[in-house]
Participant: 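Once you've had a glance at the structure underneath, I'll fire off some questions.
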Amino acid sequence: MHSSLPTPDTDALAHSDELAAALRAEILANGGAMPFARFMELSLYAPGLGYYSAGSSKFGEAGDFTTAPEMGPLFTATLANAIAPVMQQLGPQARFLELGGGSGAFAEILLKRMLELDALPERYAILEPSADLRERQRERLQRALVPPLFALVEWLDGPFDDDWDGVVFANEVIDALPTPRFLARDGMVYEETVELDADGAFMRGAQPADAMLTAAVRHLERYREKPFADGYRSELLPHLPYWIQAVAGGLKRGAMLFVDYGYPRNEFYRDDRDDGTVRAFYRHHVHNDVFLWPGLQDLTASVDFTALAEAGTHAGFELAGYCSQSSFLLGNGLDGLLALAEGRADEIGKVRLRDQVKKLTLPSEMGERFQVMGFQRDVDLEPAFALGDLTWRL
C-alpha cells in the first residue's frame, strides 16, 4: 500500500519523526497506552508539529485534499443564497461564525456574495486553532477583499462569550474532531488505544472503556436494536453534544449549518462496516494506515448525522433540514449562479465551471457522499432544504 504513496522529502520525514518521538514518549509516560482520540488529537493539532499546526500546504492541488470552497466560487456563492435570508431575518447586528477557515476561500467568496445580496454580517469571525492557517487566511483576505469588507473579519481563540444572533457554519470540521474508537468483545466495551510493539512501532491496543464511552456504545446498540458483533470496531463522538453547545455559545437567535461526509446512523454502523471509517489523506491519496508519517497526513472519520441531529436538538435548536450536498446546492440556486458565471467566462472558463459543478453534485464525486444539516432557533432556515429532504433516514 505504501508503495503507491508519494514519498515525503527528508525535511518532512524529520518533522514526522519528531512528532512520532513525542507520541512515543507520552505513550510510555502513561503506562504504554494512549487512547486513539489522543493520538489523533496530537497528530493533527500538536503545537508546531501536528498536521494542522505545521506549515505545509493542506488544500488544493499542492496539498493533500481539495474541499468544496477551494474548487471555485460556486459552492460558497450558493450557500450564501441559503444563508442570506436568515441574516436578513436577524437584522444588521447579526454575526457569522466560521469554524475552521481553511485557506480563507470560503470567507472571501461569502463576504463578496453577501454584499451583493445586502446581507452582510456585522462581524465575520473565524474560529481557527492553527496559527499557521490563521496567518494564511489573513494574508489572503487582506489581499482579496476591499478594506470595508476585510474590516468585518476577526479571528477568535474560542466561541463568542456573549449573547449574540447569527449563523454558525462548518465545512469538513466535524470529521476532524479527535474521535474515540471502540471495540466490542465478549459483551464488553473497550476503548481502542495506541501502543508500541517490540520495535517501537505504533500498534492497536484496547483497554476497558470508561462510563461515558460505554454508555454511548450501548445507546447505539439500543438504536440498532441489537448488540455489536464480537470484534466490531468503530468510532463515535460522545462529546459531540458538548461541542455543539460550546461552539453555539450564547447564540440566542440564528442558525447552524454543517457540511461534511458521512452517513445516517443505520448506515454508519452497518454490520459489514466493522472497522469504522477513520482514514488518512496524503497528497490526494486515501489510505488506512493512520500510524504512517504522523503530522504529514490528515486523519478523518465520517460523521454520524443522526448523532449530529441529536446533539443539535438537545442543545435547544430545531432541525431545519438534512439533505445531500447535491440537493442543497441545486435547491439554492446553483444553476442560476452557473449561468451567470458562464456569461462572463470564455470557453475554457465555461469548461472549468461545468467541471466544478460535476464535482460538487455528481453522486460519484461529492454530491451524495457529502451531506448538509441545518438547525434553527427563532429563524426560518427550512426553505434552504426544500429539495431532497433526507430527515426520514435519520
Participant: For Ala12, what residues pass the side chain to side chain contact (heavy atoms under 4.5 Å, CB included) criterion, not counting sequence neighbours?
Facilitator: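 Counting only residues at least two positions away or on another chain, Ala12 forms a side chain to side chain contact (heavy atoms under 4.5 Å, CB included) with Pro8, Asp9, Leu296.
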Participant: Before we go on, tell me: are the rings of Phe305 and Tyr322 under 6.0 Å apart, centre to centre?
Facilitator: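 Between Tyr322 and Phe305, which both carry aromatic rings, the centre distance is below 6.0 Å.
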Participant: Kindly assign one of parallel, tilted or perpendicular to the pair Phe258 and Trp243, based on the angle between their ring planes and the thresholds 30° and 60°.
Facilitator: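 Tilted.
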Participant: Does a side chain donor of either Asp389 or Thr391 reach within less than 3.5 Å of an acceptor in the other side chain?
Facilitator: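 Yes, side-chain donor-acceptor contact under 3.5 Å.
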Participant: Quick one: does NZ or CZ of Arg24 land under 6.0 Å from the six-membered ring centre of Phe202, within 45 degrees of the ring axis?
Facilitator: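 Yes, a cation-pi geometry holds between Arg24 and Phe202.
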Participant: Excluding sequence neighbours, so at least two apart, what forms side chain to side chain contact (heavy atoms under 4.5 Å, CB included) with Lys358?
Facilitator: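 With sequence neighbours excluded, Lys358 shows a side chain to side chain contact (heavy atoms under 4.5 Å, CB included) to Leu362, given in chain and number order.
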Participant: Is the centre of the Phe39 ring less than 6.0 Å from the centre of the Phe291 ring?
Facilitator: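 Close enough - the centres of the two rings lie under 6.0 Å apart.
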Participant: Kindly compute the distance separating CG (Asp260) from CD (Gln371), expressed to the nearest 0.5 Å.
Facilitator: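 That separation rounds to 9.5 Å.
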Participant: Mark yes when over 12 heavy atoms from residues, nucleotides or ligands other than Glu18 sit less than 6.0 Å from its CD; otherwise mark no.
Facilitator: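 Atom CD in Glu18 is not packed in, count stays at 12 or less.
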Participant: CG of Leu97 to CD of Glu154: how many Å apart, nearest 0.5 Å?
Facilitator: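 Here the interatomic distance stands at 9.0 Å.
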Participant: How long is the straight-line distance from SG of Cys323 back to CZ of Arg393, given to the nearest 0.5 Å?
Facilitator: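 Reported value, rounded in 0.5 Å steps: 11.0 Å.
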Participant: Take atom OH in Tyr242; do more than 12 heavy atoms of anything else shown fall under 6.0 Å from it?
Facilitator: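 Incorrect, the count does not exceed 12.
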Participant: Rounded at 0.5 Å granularity, tell me how far CG in Leu299 sits from CZ in Phe36.
Facilitator: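 Rounded to the nearest 0.5 Å, the CG-CZ separation comes out at 6.0 Å.
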Participant: What class does the angle between the rings of Phe228 and Phe182 fall in, given that below 30° is parallel, 30 to 60° is tilted and above 60° is perpendicular?
Facilitator: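 Because their plane-to-plane angle lies in the 30° to 60° range, the rings of Phe228 and Phe182 count as tilted.
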Participant: Just say parallel, tilted or perpendicular for the rings of Tyr261 and Phe370, cut-offs at 30° and 60°.
Facilitator: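 Perpendicular, since the angle between the ring planes exceeds 60°.
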Participant: Less than 4.0 angstrom from a charged side-chain N to a carboxylate O is my criterion; do Lys226 and Glu221 meet it?
Facilitator: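 Looking at Lys226 and Glu221, the cut-off is not met.
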Participant: Quick check for you: to the nearest 0.5 Å, what is the distance between Thr193 atom OG1 and Arg204 atom CZ?
Facilitator: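 The OG1 atom of Thr193 sits 10.5 Å away from the CZ atom of Arg204.
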Participant: Tell me whether the NZ or CZ atom of Arg273 lies within the 45° cone about the ring axis of Tyr263 and under 6.0 Å from its centre.
Facilitator: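 Geometry flag: set, cation within 6.0 Å and 45°.
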Participant: Looking just at side-chain N and O atoms, do Tyr52 and Asp132 make a donor-acceptor pair shorter than 3.5 Å?
Facilitator: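 Side chains of Tyr52 and Asp132: no pair found under 3.5 Å.
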Participant: Surrounding CZ of Arg123 (heavy atoms of other residues, nucleotides or ligands, distance under 6.0 Å), is the total greater than 12?
Facilitator: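 Count over threshold, so yes.
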Participant: Can you tell me how far CG of Asn266 sits from CG of Leu394, rounded to the nearest 0.5 angstrom?
Facilitator: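 CG of Asn266 is found 10.0 Å from CG of Leu394.
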Participant: Could you tell me if the ring centre of Tyr45 sits under 6.0 Å from that of Tyr51?
Facilitator: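 Ring centroids of Tyr45 and Tyr51 are no less than 6.0 Å from each other.
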Participant: Apply ring-ring contact (aromatic ring centres under 6.0 Å, His included) to residues Tyr269 and Tyr232 and explain how you reach the verdict.
Facilitator: CA-CA 10 Å; Tyr269 297 105; Tyr232 191 98; 7.0 Å; no
Participant: Is it possible for you to say whether Leu308 and Leu177 belong to one hydrophobic cluster, with membership spreading through side-chain heavy-atom contacts below 4.5 Å?
Facilitator: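 Yes; tracing contacts between hydrophobic side chains, which count when under 4.5 Å, links both residues.
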Participant: Determine whether the side chains of His287 and Gln297 contain a donor N or O and an acceptor N or O closer than 3.5 Å.
Facilitator: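 Gln297 and His287 do have a side-chain donor-acceptor pair below 3.5 Å.
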Participant: Quick one: does Leu213's side chain get under 4.5 Å of Tyr190's, heavy atoms only?
Facilitator: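 No, every pair of side-chain atoms sits at 4.5 Å or beyond.
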Participant: If you count the non-hydrogen atoms of other residues, nucleotides and ligands that lie under 6.0 Å from CG in Asp118, is the total more than 12?
Facilitator: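 Result for CG/Asp118: open.
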Participant: For Lys350, I'd like to know if atom NZ has over 12 heavy atoms of other residues, nucleotides or ligands within 6.0 Å.
Facilitator: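 Counting other residues, nucleotides and ligands, NZ of Lys350 exceeds 12 neighbours.
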Participant: State yes or no: do Trp164 and Val379 share one hydrophobic cluster built from I, L, V, M, F, W and Y residues joined by side-chain heavy-atom distances below 4.5 Å, directly or via other members?
Facilitator: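 No; tracing contacts between hydrophobic side chains, which count when under 4.5 Å, never links both residues.
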Participant: Can you see whether Glu382 engages Gln376 through a side-chain donor-acceptor pair at a distance of less than 3.5 angstrom?
Facilitator: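 Yes, because at least one side-chain N or O of Glu382 sits under 3.5 Å from a partner of the opposite role on Gln376.
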